[in-house]
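To start, the structure under review is shown below, and the notes come after it.
Starting from 1, each residue takes its place in the sequence as its number.
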Amino acid sequence: MNSLVFHFSEAYGEEGFLSCLKDAQVLDFTGLEGCCCYCDAQALEQLEKALPSPLPRLRWLDSGDYHYLSHLLALKEREPFHLVLLDNHPDNQDPAFEGVLSCGSWVKEMQQKNPMLRDVVTIGPEGCENEIPAAWLEERRGERVYVSLDKDIMDKAYARTDWTQGGHTLEDVKRELGRLAEALEIVAVDICGELAPSKGATPEDLRINKETNIELYHCLTNLLK
């Protein structure tokens, strides 16, 4: 399946996952400044200019530091959609710097600036649901949904990230993706949550992340047919 890969930290290459992808379009931003956790105007302009058209439906965003890319990518949607966020953090905080997009504020930014967004369901953080409510799925059956997955929703047995992690298993995540695909039309899936050696990743961390990425890739290849 065609994938779009954002290459900031070289994590995918270090894991060996990049070589497992078929027909991947790789955007190399390893030298881009002003884009880690917070994205300044200059970096945002370069990111926007580099986006291919049409966008592949499966996108790999690197670490959670770049989760704000989901907002940027979702702006390309031209029809109404719902957002399902699978994450250990809600990412709907006020930005620390006014007008600067960040990995912790992008959901609020999307709610304010994307006219196609209808609603947001967040799965994982404390105080949120642990699975997508069945009633929510039924009420929106057949409609369009955009999925943004941060692997920090998962226990460390399944993912190694540089953010605090939740307790979901890989099977939990795959089950939720399957429930979405059964009820709604998945228009895109973004995945982040890598850990690079430059951030302290060990060979074991890289192995676990690669194995989970491969599982997610095969799962989504089937669901997005």
query: Between the main-chain N or O of Asn130 and the side-chain N or O of His168, is there a donor-acceptor pair closer than 3.5 Å?
result: yes

- prompt: Roughly how far apart are His89 NE2 and Cys103 SG, rounded to 0.5 Å?
  reply: 9.5 Å

query: Yes or no on salt bridge (Lys or Arg N to Asp or Glu O under 4.0 Å) for Glu77 and Arg144, after CA distance, side-chain angles and deciding distance?
result: CA-CA 10 Å; Glu77 295 297 325; Arg144 305 171 79 251; 2.8 Å; yes

field: Donor-acceptor contact below 3.5 Å, side chain Glu14 vs main chain Leu206
entry: no

- prompt: Looking only at heavy atoms, which two atoms of Ser148 and Trp106 are closest? And how far apart?
  reply: OG-CH2, 3.7 Å

- prompt: Name the one of Asn209, Asp205, Thr202 that satisfies side chain to side chain donor-acceptor pair (under 3.5 Å) with Arg160?
  reply: Asp205

- request: Would you kindly say whether Asp91 and His67 are connected by a side-chain donor-acceptor distance under 3.5 Å?
  value: yes

- prompt: Within the distance-only criterion (no hydrogens, no angle test), does the side chain of Arg57 pair as donor or acceptor with the backbone N or O of Leu224 below 3.5 angstrom?
  reply: yes

- prompt: Parallel, tilted or perpendicular for Phe8 and Tyr66, by the 30°/60° rule?
  reply: parallel

query: If you take all heavy atoms of Ser3 and Trp60, which pair is closest and at what distance?
result: OG-NE1, 3.3 Å

query: Counting N and O atoms only, with roles assigned by atom type, does the side chain of Gln165 sit under 3.5 Å from a partner on the main chain of Met154, one being a donor and the other an acceptor?
result: yes

query: For Arg141 and Glu138, what are the C-alpha separation, side-chain angles and deciding distance, and is it a salt bridge (Lys or Arg N to Asp or Glu O under 4.0 Å)?
result: CA-CA 5 Å; Arg141 183 167 291 275; Glu138 189 58 37; 3.1 Å; yes

message: Is it the case that the side chains of Glu194 and Asn213 hold a donor-acceptor pair, with the cut-off being a distance below 3.5 Å and no angle test?
response: yes

message: Using a 3.5 Å distance criterion without hydrogens, assess whether the side chain of Tyr68 forms a donor-acceptor pair with backbone atoms of Gly104.
response: no

message: Distance check, rounded to the nearest 0.5 Å: His71 atom NE2 versus Glu109 atom CD?
response: 4.5 Å

message: Please check: side-chain N/O of Asp40 versus main-chain N/O of Ala43, any donor-acceptor pairing under 3.5 Å?
response: yes

statement: Rounding to 0.5 Å, atoms CG (Asn114) and OG (Ser70) come to a distance of 11.5 Å

task: Begin with the C-alpha distance, continue with both residues' side-chain angles, and end with the deciding distance and a verdict on side chain to side chain contact (heavy atoms under 4.5 Å, CB included) for Tyr38 and Ser102.
output: CA-CA 4 Å; Tyr38 294 90; Ser102 79; 3.4 Å; yes

query: How far does CE of Met110 sit from NZ of Lys113, to the nearest 0.5 angstrom?
result: 12.5 Å

Backbone N/O of Ala159 and side chain of Thr212: donor-acceptor pair under 3.5 Å: no

message: Set out, in order, the CA-CA distance, both residues' side-chain angles and the distance that settles side chain to side chain contact (heavy atoms under 4.5 Å, CB included) for Leu180 and Leu137, then state yes or no.
response: CA-CA 7 Å; Leu180 279 170; Leu137 289 171; 3.8 Å; yes

- prompt: What is the distance from atom CG of Asp155 to atom OG1 of Thr169, rounded to the nearest 0.5 Å?
  reply: 8.5 Å

field: Among Leu27, Asp28, Asp190, the one residue meeting side chain to side chain contact (heavy atoms under 4.5 Å, CB included) with Phe6
entry: Leu27

- prompt: Can Asp119 and Trp136 be counted as having a side-chain donor-acceptor contact under 3.5 angstrom?
  reply: yes

field: Tyr158 side chain to Ile153 backbone, donor-acceptor under 3.5 Å
entry: no

message: Nearest 0.5 angstrom please: Lys22 NZ to Thr221 OG1, how far?
response: 8.5 Å

task: With salt bridge (Lys or Arg N to Asp or Glu O under 4.0 Å) as the test, would you mind laying out the steps for Arg175 and Glu171 before giving the verdict?
output: CA-CA 6 Å; Arg175 182 176 62 251; Glu171 288 305 313; over 6 Å; no

- prompt: Are any side-chain N or O atoms of Asp150 and backbone N or O atoms of Gly64, one a donor and one an acceptor, separated by less than 3.5 Å?
  reply: no

